[in-house]
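Shown next, in structure tokens, is the structure this report addresses.
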Amino acid sequence: MKAQLQSLVLQALQSLRASGQWSLPDPLPAISIELPKQKEHGDYATTVCMALAKSMRVNPRALAQAVADAFPGKGLFQSIEIAGPGFLNFRLKPAAWHLVVEDILRQGERFGAASPAQADKIMVEYVSANPTGPLHVGHGRGAVVGDVIATLLQWAGHDVTREFYVNDAGAQIQNLGASIHARYRELLGLPFEIPEDGYKGDYLIPLARELQSKHGADKAEATPETIAEFARFGARRLLDRINDDLLALGVRMDSYSSEQAMVEAGGVENALQTLRGSGFIYPHDGAEWFKSKELGDEKDRVVVRSDGRTTYLASDIAYHKNKLDRGYTRLINIWGADHHGYIARVKAAVAALGLDPGRLQVVLTQMVNVVRQVVDENGQVHAEAVKSSKREGNFVVLREVIDEAGRDATRFFFVMRSAASQLDFDVELARKQSNDNPVFYVQYGHARVCSILRKAEEDGIPIPPASPEALAPLVHEDELNLIQLIGSLPEVIQNCAARLEPHHLVFFLDQTVAAFHAWYQKGAADPSLRVLCEDRTAAGARLLLASAIRQALANGLTVLGVSAPERM
RNA sequence: GCGCCCGUAGCUCAGUUGGAUAGAGCGUCGGACUACGAAUCCGAAGGCCCAAGGUUCGAAUCCUUGCGGGCGCGCCA
């Protein structure tokens, strides 16, 4: 509806220009359509006349009046008013809203999705954890944010691939091998020492036990070969475990990209050659440096150490080159906020490869605090935070949270706040099956609509085919507001996709359910306002609206990857 | 010291990329069930939008400075 209005305003402005009486700038500015906070200001408003009047040096109200006079498609509008300093306020006729309901029901499960007019080939890369331990809650947030952003982009009409970059090369993996080896020696009753920067968590013990039953004491000596073997074994097992956790979250990747495989295929050397060829790499102090400073980074960075080993950045340059070589026109990376300092150098890498660094967008997810509420003797509620720190082994494991709160609640909580804000994850609240849990509030709304539709069927109340006549009884303010709300789902999805911000969709769902509950509740006081009321014509129209509400809620929940139960 | 994020109701957070009288949930107080599902709804109280300047018809939103909190700043990943 917003988009339609936008094009009508545009047509009006163009016809003003054609009339020759107004010297409108060319090109015209973007026409923003807004939702007035107060209903007296109409269903929609535009501020474009105020913006234009400034540059044209004319009276904004006079311009607004001219736009209103020239407005096409007046039949849809109950009123078009000039207000305040130059707002143009639109109020639609009920019949115009009825078309929205028809449209939603016609589109069904596709309602909210855009036709792929200008599809980009996009890679969303997320999770990308080292296979050196279980996922913790921070990874979980990244996983869900990435997954939902990928879905949003698909719904916005793009061609999207979800990829997990497996950091299975380098020092971390060596540490893993050495740590497992230490545990292995421990099981053998030999003296052992977990490396200083190794992995101290208990989760390595079962892996060591497996190796013990396989090899006995044959591998007691820490040869480089043995460490490498243990590292490969551990990385494989831990990656399996990571995938189990992702599956429990409902996160499914399309593709995995192994750093080790890329190294072995010569990808890193190849990328370095390319940059040497274009003069972005120079030797200094026995190492090789990437000229990232002249491409926007704070300083230059080492890519080949003085001992000849490449750095993590070298791999990452190669990996991003690899993604671009595979034909992706947009790269979206979901990273934990602790990696923010890394953005500039990877963007510099993209630029050094001769491409627009704007092709790479990085979404940073801020820290997750898992909190548990404790009520003291004064009734004061305190949130106890559990800090996560992977190295020390006392982190909050994602799996524990999923097992406790469930998949739906975990996903919902991870996307309900802006990724830029730190998140307090209240496990007690997430598992609560009650009204103060926002997940259940939304799901209950969906189940309740389903219940009405079910009751209608049981009672033999027919739902007519959607048509202007069948929908004509929908004239109540609550009903028209509800239509406006659910009709905005496509805009909400577009907006979320464009901004890479899923949380707006959560607010849409919450707001829609609240409006539905309020509408429903009016029927308790006045039976003539019930969906299943005596007047079967009205009942039919309201059942059509209920179906459309159900569809909007179900589609929104589907994008979030949260189930839409028919009963609870 | 430098960089990024955050600062909005008692608490947790939205705020449609600069619009009209700043919103929601929780919590508090007061109401509505012989039910189209009360896992709900209605109402009340609660604000110097961290501070000070600036930009303009108009600022929670943009700019500058400062304050407070978080996270980073390696030839680690």
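A, B, ... follow the sequence lines: proteins, then strands. Residue 1 opens every chain.
Comparing rC49(B) with rC13(B), their C1' atoms sit 13 Å apart, to the nearest whole Å. Distance check on atom P: rC50(B) versus rA14(B) gives 13 Å, rounded to whole Å. Nucleotides rU56(B) and rG19(B), compared at atom C1', are 12 Å apart to the nearest Å. One P atom belongs to rC4(B), the other to rA39(B), and the distance between them is 49 Å to the nearest Å. Nucleotides rU61(B) and rU55(B), compared at atom C1', are 13 Å apart to the nearest Å. Of the C1' atoms belonging to rU17(B) and rA77(B), the separation is 35 Å, rounded to the nearest Å. Comparing the P positions of rA51(B) and rC33(B) gives an interatomic distance of 45 Å, to the nearest angstrom. Straight-line distance between the C1' atoms of rA59(B) and rA20(B): roughly 13 Å, to the nearest whole Å.
Note: NZ (Lys347(A)) to C1' (rC4(B)) measures 14 Å, nearest angstrom. Taking atom CZ of residue Arg448(A) and atom C1' of nucleotide rC41(B), one finds them 8 Å apart after rounding to whole Å. As a whole-Å value, the separation of His503(A) NE2 from rG23(B) P is 18 Å. Distance OH (Tyr444(A)) to C1' (rG25(B)): 18 Å, rounded to an integer number of Å. One interatomic measurement links the two molecules: CG of Asn89(A) to P of rA20(B), which rounds to 12 Å at whole-angstrom precision. The interatomic distance linking Ile343(A) (CD1) with rC73(B) (P) rounds to 14 Å, in whole Å. Remark: C1' of rG70(B) and CD of Gln366(A) are 7 Å apart, rounded to the nearest angstrom. Here rG72(B) presents its P atom at 11 Å from CD of Gln422(A), a figure rounded to the nearest Å.
Searching all strands for a Watson-Crick or G-U wobble partner of rG68(B) with both distances below 3.5 Å returns rC6(B). Using the Watson-Crick or G-U wobble rule with both distances under 3.5 Å, rA24(B) pairs with rU12(B). Taking a pair to require two hydrogen-bonding distances under 3.5 Å in either a Watson-Crick or a G-U wobble arrangement, rC49(B) remains unpaired. The base-pairing partner of rA38(B), taking Watson-Crick or G-U wobble contacts with both distances under 3.5 Å, does not exist among the strands shown. rC57(B): Watson-Crick or G-U partner is rG19(B), with both key distances under 3.5 Å. With a cut-off of 3.5 Å on both Watson-Crick or G-U wobble distances, the partner of rG1(B) is given as rC73(B).
Nucleic acid contact for Asp285(A): base, since at least one base atom lies under 4.0 Å from a heavy atom of the residue. Heavy atoms of His339(A) sit under 4.0 angstrom from at least one base atom. Using a 4.0 Å heavy-atom cutoff across all strands shown, Ser488(A) reaches no nucleic acid atom at all.
Base orientation of rC33(B): syn (glycosidic angle within 90° of 0). Taking syn as a glycosidic angle within 90° of 0, rU17(B) qualifies as syn.
The side chain of Tyr441(A) contributes an N or O atom lying less than 4.0 Å from OP1 or OP2 of rC41(B). Contact between the side-chain N/O atoms of Arg305(A) and the OP1/OP2 oxygens of rA77(B) is found at a separation under 4.0 Å.
Residue ring and base: Phe87(A) counts as stacked with rA20(B) (centre distance below 5.5 Å, interplanar angle below 30°).
Within a 6.0 Å sphere centred on CD of Glu458(A), heavy atoms belonging to other residues, nucleotides or ligands number more than 12. Residue Glu269(A) places its CD atom among more than 12 non-hydrogen atoms of other residues, nucleotides or ligands, all under 6.0 Å distant.
Using a 4.5 Å cut-off on side-chain heavy atoms (C-beta onward), Phe425(A) and Arg141(A) make no contact. Using a 4.5 Å heavy-atom cutoff, the side chains of Val303(A) and Thr310(A) are not in contact. Side-chain contact between Met416(A) and His503(A) is absent, with no heavy atoms from C-beta onward closer than 4.5 Å.
Place Leu529(A) and Met416(A) on RNA chain B by their nearest nucleotides, and Met416(A) ends up nearer the 5' end. Position along RNA chain B of the nearest nucleotide to Trp289(A) versus His340(A) favours His340(A) as the more 5'-ward residue.
Here Asp478(A) pairs with Lys522(A) under the salt bridge (charged side-chain N to carboxylate O under 4.0 Å, His left out) rule; sequence neighbours left out.
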Which atoms of nucleotides 29-33 of chain B (N or O only) lie under 3.5 Å from a protein N or O atom, and what are those distances?
none

**Message:** For a ring-ring contact (aromatic ring centres under 6.0 Å, His included) check, start with the C-alpha distance between Tyr165(A) and Tyr319(A), then their side-chain angles and the critical distance, and finish with the verdict.
**Reply:** CA-CA 9 Å; Tyr165(A) 176 54; Tyr319(A) 176 48; 3.9 Å; yes
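With Tyr520(A) as the aromatic partner, Arg448(A) meets the cation-pi criteria of under 6.0 angstrom to the ring centre and within 45 degrees of the ring axis.
Leu52(A) and Pro29(A) get closest at one heavy-atom pair: CD2-CD, 3.6 Å.
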